[in-house]
Enquirer: 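Here you go, one structure.
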Amino acid sequence: MISPIKIWRNQKKVIKLLNLKGEIISWTKIYVPPSGFEGQAPYMVVIAGLENGRRYTAQLVDWEERHLVLGQKVKTILRRTRNTDEESIIPYGIKFKPIE
Amino acid sequence: MNVTVLGASSTKFGELWQISPRDLVGRTVADTLLEADIPRRKIQAVIVGNMLSGILGGQEHLGAFFAEELNLKVPAVKVESACASGGMAVHTAVMAIISGLYETVLVVGVEKMTDYKPEELAQALMGAGSDVEREAGATFPALYAMMARVHMDKYQTTETDMAAVAVKNHLHASLNSQAHFPFRITVEQVLASPKVASPLKLLDCSPVTDGAASILLTKSAKIKNKRQVSIIASASSTDSLGLSERQSLDSIKATSIAAKKAFELSAVSPTEVDIAEVHDCFTIAEIMAMEDIGFYKKGEAAPAIREGKTGLNGRPVVNISGGLKASGHPVGATGVKQIVEIYHQLKGDSGKRQVSKARVGLSHNVGGSGASAVIHILKSFK
């Protein structure tokens, strides 16, 4: 169970990070996940440099093989993050999506 | 700086389901005291290096926990700095001694990991990362994989180069009966092993290990008729908790800052180091460590390792114990075990894997993806 108060605090940061463009600085495909991500593996995690000058670590979704290169353009979107039990709040956070 | 090592030992590293953390510590401390040849009552403080006892085992308050086990009523405290907990425990003990408050301090490093399933361990270990990294579902193999990807792009480092690190460290571990994996492997086996976080594969990764190690330190002392080993530098540094905030992804700045400080403190240069135990939690980590400590320029470590320049007949001989990769990585014990290995090498009693004429040794212990690093330099005196 993820604490609702933590999610509430986190949402304020998430809003500021939405719909930013950036490019992939590094990437990896994770085959052995931590608890809460078992249903998603394998999945992509990337570090991207954002247009606001910051770097951010998040999953890459909606990708194809051709997107897996350093310098690939991406943008930040809102997505469900980890799996929780049926009665918990569903956590949403930042992920990246390739832009052509 | 001169802090004398009176004794040092470690337990067998491995999947030790039959032994509790309490017994692991009891065994290594008994061995260390036997070697130091001083009575238990001379111990004035105990520093315990450990990361996961609370989150995995539900046991905190490890200072009192192990003081009870050792039948001591002295100050005792747990030191945590993720995978550098062991090195940081040694650093803390050195501070306690050179401050003048305590004369003789016992350092214990311990971790019990194999009781838990991989997902639980991956989550617990991510306690050493940032909240953003946890939210992304990142793991430590994934963070080092992203460093590897940048190193490969910038310096043409290959997966075969990384495999050469694992092959070397397994060869060294084959000479160490206390290692988790005391057997050789081939480059082909590394390259064909299952992917964990691309480009890192299973045999690029250090294992999940149980184990304990301990050392007994005292203020500079002359020991009669024995080769004496001293810590002549103890240095540490930190950097951002998360990988994305770092200046560079192909090096670990905390390592280079701590190494520079340690070389200054000891007035030793990298070329004088005979043996080094470096933090090869992943194969790429050893390549970066060799560059960040200052043994090689950026981009030159991988070819040197491939050519055997850090193997048994090279200088410095790197990870003669088998390193984290093949000797095993019981997180809180690792940084202490590195000092144990160097101590015995400098004393000249390392048996089959003794490096000839080893006089100066360096240990390098990293926490998280490089958010903390601890370097020690040891020297032997007649």
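In this text, all values refer to a predicted model and were calculated from it rather than measured experimentally. Note on naming: letters A, B, ... go to the chains in the order of the sequence lines (proteins, then strands), and numbering restarts at 1 for each one.
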Enquirer: Indicate the atoms forming the closest heavy-atom contact of A:Pro33 with B:Glu119, along with that distance.
Expert: O-CG, 3.6 Å
Enquirer: Which bit of A:Gln59 is near chain B, if near means a heavy-atom gap under 4.5 Å: side chain, backbone, both or neither?
Expert: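 Both backbone and side chain.
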Enquirer: Tell me, out of A:Ile47, A:Ile94, A:Asn10, A:Val45, who's got the most heavy-atom pairs with chain B below 4.5 Å.
Expert: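 Looking at each of A:Ile47, A:Ile94, A:Asn10, A:Val45 in turn, A:Ile47 comes out on top.
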Enquirer: Would you say that A:Val14 contacts B:Glu135 through its side chain, given a criterion of any heavy-atom pair below 4.5 Å between the two side chains?
Expert: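 In short, these two side chains do not touch, never coming nearer than 4.5 Å.
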Enquirer: Would you call A:Arg9-B:Asp131 a salt bridge at under 4.0 Å N-O?
Expert: no
Enquirer: So which part of A:Tyr31 gets closer than 4.5 Å to some heavy atom of chain B, the side chain, the backbone, both or neither?
Expert: both
Enquirer: How close do B:Ala138 and A:Ile30 get, heavy atom to heavy atom, and via which atoms?
Expert: CA-CD1, 3.9 Å
Enquirer: Around atom NZ of B:Lys297, are there more than 12 heavy atoms of other residues, nucleotides or ligands at under 6.0 Å?
Expert: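 No, not enclosed.
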Enquirer: With a 4.5 angstrom heavy-atom cut-off, is it the side chain or the backbone of A:Lys13 that approaches chain B, or both, or neither?
Expert: side chain
Enquirer: Under a 3.5 Å distance rule, please check whether A:Arg54 uses its side chain to pair with a backbone N or O of B:Ser244 as donor and acceptor.
Expert: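 Such a contact is absent between A:Arg54 side chain and B:Ser244 backbone.
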Enquirer: For chain A, find which of B:Val150, B:Leu243, B:Val196, B:Thr139 contributes the most heavy-atom pairs closer than 4.5 angstrom.
Expert: B:Val196
Enquirer: Tell me whether B:Ser198 contacts the main-chain N or O of A:Lys29 through its side chain, where contact means a donor paired with an acceptor under 3.5 Å.
Expert: yes
Enquirer: Above 12 or not: heavy atoms from other molecules or residues under 6.0 Å from NZ of A:Lys21?
Expert: no
Enquirer: How close do A:Arg82 and B:Arg134 get, heavy atom to heavy atom, and via which atoms?
Expert: NH2-O, 3.5 Å
Enquirer: Could you grab the distance from atom CE of B:Met152 to atom OG of A:Ser26, nearest 0.5 Å is fine?
Expert: 10.0 Å
Enquirer: Closest heavy-atom contact between A:Thr28 and B:Arg149?
Expert: CA-NH2, 4.2 Å
Enquirer: Quick one: which of B:Ala197, B:Gly242, B:Ala122 has the most heavy-atom pairs under 4.5 Å with chain A, could you say?
Expert: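 Of B:Ala197, B:Gly242, B:Ala122, B:Ala197 has the most heavy-atom pairs under 4.5 Å with chain A.
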Enquirer: Measure the spacing between CE of B:Met146 and CD1 of A:Ile24 and express it to the nearest 0.5 Å.
Expert: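 Spacing of CE (B:Met146) from CD1 (A:Ile24) equals 10.5 Å.
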Enquirer: Measure A:Leu70 against the heavy atoms of chain B and call it side chain, backbone, both or neither at under 4.5 Å.
Expert: side chain
